[in-house]
Amino acid sequence: MKKFIVTALMTTALVGPAFAQDSITEFRIGLLGGENAQDRLASNECFRAYTEEALGVPTRLFTAADYNGVIQGLIGGTLDMAWLGASAYAAVYVEDPSAVEPILVKTNLDGSFTYHSIGFARADSGIASLDDMEGKVFAFGDPNSTSGYLIPLVEIPEEGYSMEPGAYFSDVVFVGGHEQTIVGVANGDVDAGVTWADGLGDWEDGYNSGALRRASDSGLVDMNDLVEIWKSKPIPEGPIVIRQALPDDVKQTMFDLTANLHDVDEACAYGVAAGETAGFTPIGHDAYETIIAVRRSQMN
């Protein structure tokens, strides 16, 4: 089976340029913020190279300073493809339903395609749960992040802890992204924060995939120095989206390339997926209607 998939991808790479050169002149992939630009580029360079080979046109990676940079790039048509969080996809859809279409989703090792917002603190802080956070500083990442803002904003108050600054927490702040949250907590700049992880595997590894795994892999943090203090309900993994206005042959080539990536180059898939993954499987808009409804409710 693996041999067939590799052959199919190689064939796509060989015939792709004959179609793509007649329809597009370049291809642009947006990378969400939450990690420093150099690491984002390094993790996705292999995918950029595969894309350039398959389409036969120059392919560029775009590292926005925040989520909104990628959101606006997709809405404005200056980006062709991106892996979005569910809330970021909702933001694009609410503003322009015809801008992009979800095509694939990262799948966990157990076959699921969900993840969690993870609340965490320093292990030596004496904070073991949200009950210990009264009068302390709580950090969000990016306002367009599902796990770093939208879900904890809704679920934590449902558990009895107000997110109004000064009501329960002494302050509630934005620090910029997942990596900034992890570093801020580890350095003691904030008392606790939220980030994302699949919730599978061992805490000591940063779970199997997610921002904690990426930070652990890069040596940015020792997970033994952190402790989990809260976990959300399962969240649908954000979709890989592609610009709707692209030619069908280009969209099909990118679908095939991404869907086969794990079988062709597991190390590349690991970098793209921020950790362990079983690959990428098809998904559609319907999977995100609940998140879109939550996003709309926060806009009122």
Side-chain angles (χ1 to χ4, degrees), residues 27-35 40 44 47 61-108 112-117 140-155 177-178 194-198 209-211 232-246 250-251 254-255 258-259 261 272-274 277 279-300:
F27 195 81
R28 300 146 298 186
I29 302 171
L31 305 177
L32 284 184
E35 182 184 22
R40 277 182 282 163
N44 288 274
F47 185 67
L61 300 175
F62 175 72
T63 55
D66 56 21
Y67 282 35
N68 195 52
V70 172
I71 290 169
Q72 295 306 318
L74 291 167
I75 292 170
T78 58
L79 294 177
D80 299 307
M81 188 176 187
W83 177 22
L84 299 178
S87 182
Y89 169 65
V92 175
Y93 182 82
V94 167
E95 186 161 341
D96 183 357
S98 66
V100 301
E101 57 188 282
I103 55 171
L104 293 159
V105 66
K106 189 206 86 168
T107 307
N108 296 324
S112 65
F113 53 91
T114 59
Y115 67 108
H116 298 269
S117 175
F140 286 130
D142 187 292
N144 286 302
S145 172
T146 316
S147 57
Y149 178 59
L150 183 64
I151 294 301
L153 177 70
V154 173
E155 289 192 12
H178 292 293
V194 280
T195 190
W196 77 280
D198 62 6
S209 67
S232 74
K233 299 170 186 174
I235 306 166
E237 181 64 76
I240 294 172
V241 301
I242 197 158
R243 188 161 59 88
Q244 282 194 29
L246 287 169
V250 173
K251 289 191 280 188
M254 292 311 300
F255 177 91
T258 310
L261 182 64
V272 172
T277 178
F280 302 91
T281 56
I283 200 162
H285 169 79
D286 291 353
Y288 300 100
E289 288 183 342
T290 299
I291 293 293
I292 290 169
V294 174
R295 176 94 189 194
R296 287 188 193 276
S297 73
Q298 295 302 314
M299 295 169 63
N300 298 328

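Quick caveat, the model's predicted, so the values are computed rather than measured.
Of all heavy-atom pairs between V241 and P102, the closest is CG1-CA, 4.0 Å. The shortest non-hydrogen separation linking V92 to I75 is CG1-CG1, 4.0 Å. Between G85 and P239, the shortest heavy-atom contact is O-CD, 4.2 Å. The heavy-atom pair separating W196 from A274 by the smallest distance is CZ2-CB, 3.9 Å. The heavy-atom pair separating L246 from V250 by the smallest distance is CD1-CG1, 4.4 Å. The two residues S209 and A273 have their closest heavy-atom pair at CB-O, 4.2 Å.
At least one side-chain heavy atom of P236 sits under 4.5 Å from a side-chain heavy atom of Y288. Proximity of V105 to F280: side-chain heavy atoms (C-beta onward) are nowhere separated by under 4.5 Å. In this structure, the side chains of P282 and L104 come closer than 4.5 Å at one or more pairs of heavy atoms. Counting only heavy atoms from C-beta outward, the side chains of Y149 and D142 never approach each other to under 4.5 Å. Residues I29 and N44 are not in side-chain contact: their nearest non-hydrogen atoms beyond the backbone lie 4.5 Å or more apart. Contact of the V70 side chain with the L84 side chain is registered, since non-hydrogen atoms from C-beta on lie closer than 4.5 Å. Within the 4.5 Å cutoff, side-chain heavy atoms of M81 are placed close to those of I240.
Remark: side-chain polar atoms of D66 are paired, donor with acceptor, to backbone N or O of G69 under 3.5 angstrom. In this structure, the side chain of R40 engages the main chain of A64 through a donor-acceptor pair within 3.5 Å. Of the possible polar contacts, none joining the H116 side chain to the A197 backbone as a donor-acceptor pair under 3.5 Å is found. Judged by distance alone, the side chain of T107 and the main-chain N or O of S112 form no donor-acceptor pair under 3.5 Å. Counting only distance, with no hydrogens or angles, the side chain of S232 and the backbone of S117 share a donor-acceptor pair below 3.5 Å. Panel note: side chain N108, backbone T114; a donor-acceptor pair is recorded below 3.5 Å.
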Set out, in order, the CA-CA distance, both residues' side-chain angles and the distance that settles side chain to side chain contact (heavy atoms under 4.5 Å, CB included) for F62 and L31, then state yes or no. CA-CA 6 Å; F62 175 72; L31 305 177; over 6 Å; no

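Here the CG-CG distance, from N68 to L32, works out to 10.5 Å after rounding to the nearest 0.5 Å. Remark: L79 CG to I242 CD1 distance equals 12.0 Å, nearest 0.5 Å. Residue L74 holds its CG atom at 8.5 Å from CG of D80, rounded to the nearest 0.5 Å. Considering CD1 of I103 and NZ of K251, their distance stands at 9.5 Å, rounded to 0.5 Å. Rounded to the nearest 0.5 angstrom, M254 CE and R243 CZ are separated by 12.5 Å. How far OG1 of T277 is from CG of D198: 9.0 Å, rounded to the nearest 0.5 Å.
Within the structure, side chain to side chain donor-acceptor pair (under 3.5 Å) contacts touching residues 82-93 (residues at least two apart or in different chains) are S87-R295, Y89-H285.
The aromatic rings of Y67 and H178 are tilted relative to each other, their planes meeting at an angle between 30° and 60°.
No donor-acceptor contact under 3.5 angstrom links the side chains of T281 and K106, judged on distance only.
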